[in-house]
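Report on the structure given below.
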2 protein chains.
Amino acid sequence: MGDTKKISLEVIKRLPRYYRYLGELGKSNITRISSKELSEKMDVTASQIRQDLNCFGGFGQQGYGYNVESLYNSIGEILGLNHGHKTIIVGAGNLGKALALYKSFEKRGFKLIGIFDNSKSKIGTFIGRHEVLDICTVEEFIKKNEPEIAVIAVPKEAVGEITALLSKCKIKGILNFSYTDISTLNGVEVENVHISDSLMMLSYKIKDIE
Amino acid sequence: MGDTKKISLEVIKRLPRYYRYLGELGKSNITRISSKELSEKMDVTASQIRQDLNCFGGFGQQGYGYNVESLYNSIGEILGLNHGHKTIIVGAGNLGKALALYKSFEKRGFKLIGIFDNSKSKIGTFIGRHEVLDICTVEEFIKKNEPEIAVIAVPKEAVGEITALLSKCKIKGILNFSYTDISTLNGVEVENVHISDSLMMLSYKIKDIE
DNA sequence: TAGATTGTTAATCGATTAACAATC
DNA sequence: TAGATTGTTAATCGATTAACAATC
């Protein structure tokens, strides 16, 4: 079963946003919505919404629109949420700690199973219910517990070492928060999140104000 | 004045990445680079690099390429870094705290001048050298100190209230980390950063692995 | 049935890439 | 000067929007 019509990254990027809005609608006890109504709420075109959704199947019904709850669940399915992806965090600094305590984490179907650091002063301390483990043990830990995702929140100086270590292990994806790109390597998917990039863009946008 | 050929958001989004790579090159004492070399490092086309840069001016030299340091500085200029944008953080939870202690912050030209929360248990405590201030005093604070940027790191339930409060004040930009979009409103630029969106995209990308 | 709204095809628009003349 | 590489125009590609027949 092929289904090999490649779906553009632009479409994928928009899915989490649809998911968020539909989640909110559901909470407001709205059961159905048309692409037109949703387009107004989200400030995109109705056409785009219909095109995007039809990449994955016909979720709507003519004359009715979309059922909020079932579309929400379908998009969750497409995104592969609710799989309880086992996840580790590498780096127990301020950001790593914040991420470890991040509520949306588990809510979106990511299960934190370990957090690692190389600092003697952090190893053995607790972040929430998780004890910070020695980074030296990460390879063994991965072999045993088989996490799918590693979140990287270390200074960029340490990134090379960490990726070398992780590339020897069987993980599927890396969410990288360090101030340097990690490139998708030997079958490991990487998503780079650059907080300072967003700050810089904001800086650009406000240049001409006033 | 003039210079009204609208620059696409796609180009703007890439500038911080150029900036990062050029910064690294500079640190490695590389003084010149051609679009071809840079394109290989960054995994984009040389054509795109030249097109992007020429939106802002001719920074290169035929037969030579680009001077790393001066291009780095030019892009910093374009992005409006080195202005020492005065910045406040709203929300002193885990994420707010991590952002307050975030080194790249000051390094990219953002000057943290205040951090606010509504929780009695947090007000008066210190994050680094910053005392957490009562959110009730933010309006007065803004009037007096004139920050340009507000970083929002509060639970989504509190976002409405906060934006209402901020929209009464004269700020230029909002960097929003909460799990809900803030729409660009009455002249305030907004940059929404959704960490869980990135996680969801990663989840999608790893779906078919193995 | 009539009305509404989808799914989908076709048209438009914009972004990326290729090509090359200009020039250091 | 010859070689390299830019700046820039033209060609291609892909993404967005518009339109409408299908259908609930």
Side-chain angles (χ1 to χ4, degrees), chain A residues 2-18 21-22 25 30-75 77-78 201 204, chain B residues 2-18 21-22 25 30-75 77-78 201 204:
Chain A
D3 210 310
T4 28
K5 49 175 177 180
K6 183 84 168 76
I7 288 158
S8 101
L9 195 63
E10 302 303 306
V11 175
I12 308 300
K13 277 187 201 160
R14 285 191 289 265
L15 291 181
R17 188 154 182 262
Y18 292 133
Y21 276 78
L22 289 164
L25 289 168
I30 293 167
T31 53
R32 69 163 278 270
I33 194 157
S34 69
S35 57
K36 176 129 190 301
E37 290 171 296
L38 187 57
S39 77
E40 282 156 9
K41 280 189 197 300
M42 297 185 63
D43 198 24
V44 295
T45 63
S47 216
Q48 180 165 78
I49 293 175
R50 295 204 299 277
Q51 284 277 28
D52 284 356
L53 297 179
N54 276 92
C55 292
F56 303 98
F59 301 113
Q61 194 169 294
Q62 284 96 331
Y64 173 84
Y66 299 86
N67 178 281
V68 171
E69 193 188 347
S70 91
L71 184 56
Y72 177 79
N73 290 331
S74 298
I75 295 179
E77 193 64 38
I78 293 163
M201 276 188 63
Y204 175 86
Chain B
D3 213 308
T4 27
K5 51 177 173 180
K6 184 82 168 74
I7 289 157
S8 99
L9 195 63
E10 301 302 306
V11 175
I12 309 301
K13 277 187 200 160
R14 286 192 287 266
L15 292 180
R17 187 153 183 264
Y18 292 134
Y21 276 79
L22 289 164
L25 289 168
I30 293 166
T31 54
R32 68 162 276 268
I33 194 157
S34 69
S35 57
K36 176 129 190 300
E37 290 170 296
L38 187 57
S39 76
E40 281 156 7
K41 281 187 196 300
M42 296 186 64
D43 197 25
V44 295
T45 62
S47 216
Q48 181 165 77
I49 293 175
R50 295 204 299 279
Q51 284 277 28
D52 283 355
L53 297 178
N54 277 93
C55 291
F56 303 98
F59 300 113
Q61 195 168 294
Q62 283 95 333
Y64 172 84
Y66 298 87
N67 179 281
V68 171
E69 192 187 347
S70 90
L71 183 55
Y72 176 79
N73 290 331
S74 297
I75 294 179
E77 192 64 38
I78 293 163
M201 276 188 64
Y204 175 87

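Letters A, B, ... mirror the listed sequences (proteins, then strands); counts begin at 1.
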Take atom [atom1] of [X] and atom [atom2] of [N], then tell me their distance rounded to the nearest Å.
| X | N | atom1 | atom2 | answer |
| --- | --- | --- | --- | --- |
| B:Asn54 | C:dA21 | CG | C1' | 15 Å |
| B:Leu71 | D:dT6 | CG | P | 11 Å |
| A:Gln62 | C:dT6 | CD | P | 8 Å |
| A:Lys36 | C:dG3 | NZ | P | 17 Å |
| B:Asp43 | C:dT17 | CG | P | 11 Å |
| A:Leu53 | C:dT6 | CG | P | 10 Å |
| B:Asn67 | D:dT5 | CG | P | 15 Å |
| A:Phe59 | C:dT5 | CZ | C1' | 17 Å |

[X] side-chain N/O to [N] phosphate OP1/OP2 under 4.0 Å:
| X | N | value |
| --- | --- | --- |
| A:Thr45 | D:dT17 | yes |
| B:Arg32 | D:dT5 | yes |
| A:Tyr66 | C:dG7 | yes |
| B:Arg50 | D:dG7 | no |

Of the nucleotides D:dT17, C:dG7, D:dT6, which has the atom closest to the B:Ser34 side chain?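 Of the options given, the side chain of B:Ser34 lies nearest D:dT6.
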Looking at side-chain heavy atoms only, is the closest gap between [X] and [Y] below 4.5 Å?
| X | Y | value |
| --- | --- | --- |
| B:Leu22 | B:Val68 | yes |
| B:Leu38 | B:Leu25 | yes |
| B:Leu53 | B:Tyr66 | yes |
| B:Phe59 | B:Ile75 | no |

Would you find more than 12 non-hydrogen atoms of other residues, nucleotides or ligands less than 6.0 Å from A:Gln48 atom CD?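 Yes, the 6.0 Å shell around CD holds more than 12 heavy atoms from other groups.
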Listing time: all N or O pairs from protein to nucleotides 10-15 of chain C that are below 3.5 Å?
none

Paired with C:dG7 by Watson-Crick or G-U wobble geometry, both distances under 3.5 Å: which nucleotide is it?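 Checking every strand shown, C:dG7 finds its partner in D:dC20, with both distances under 3.5 Å.
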C:dC13 - base-pair partner by Watson-Crick or wobble geometry, distances under 3.5 Å: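 Result: D:dG14.
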Quick check for you: to the nearest 0.5 Å, what is the distance between A:Arg14 atom CZ and A:Leu9 atom CG?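 Interatomic distance, A:Arg14 CZ to A:Leu9 CG, rounded to 0.5 Å: 10.0 Å.
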Are any of the side-chain nitrogens in A:Lys36 or A:Glu40 under 4.0 Å away from the carboxylate oxygens of its partner?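 So A:Lys36 pairs with A:Glu40 through a salt bridge.
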Closest-nucleotide ordering on DNA chain D, the 5'-leading residue of A:Tyr64 and B:Tyr64: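 Mapping each residue to its closest nucleotide by heavy atoms, the 5'-most match is B:Tyr64.
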So what does B:Ser47 hit on the nucleic acid, given a heavy-atom distance under 4.0 Å: a base, only sugar-phosphate, or nothing?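 Answer is base: heavy atoms of B:Ser47 come under 4.0 Å of a base.
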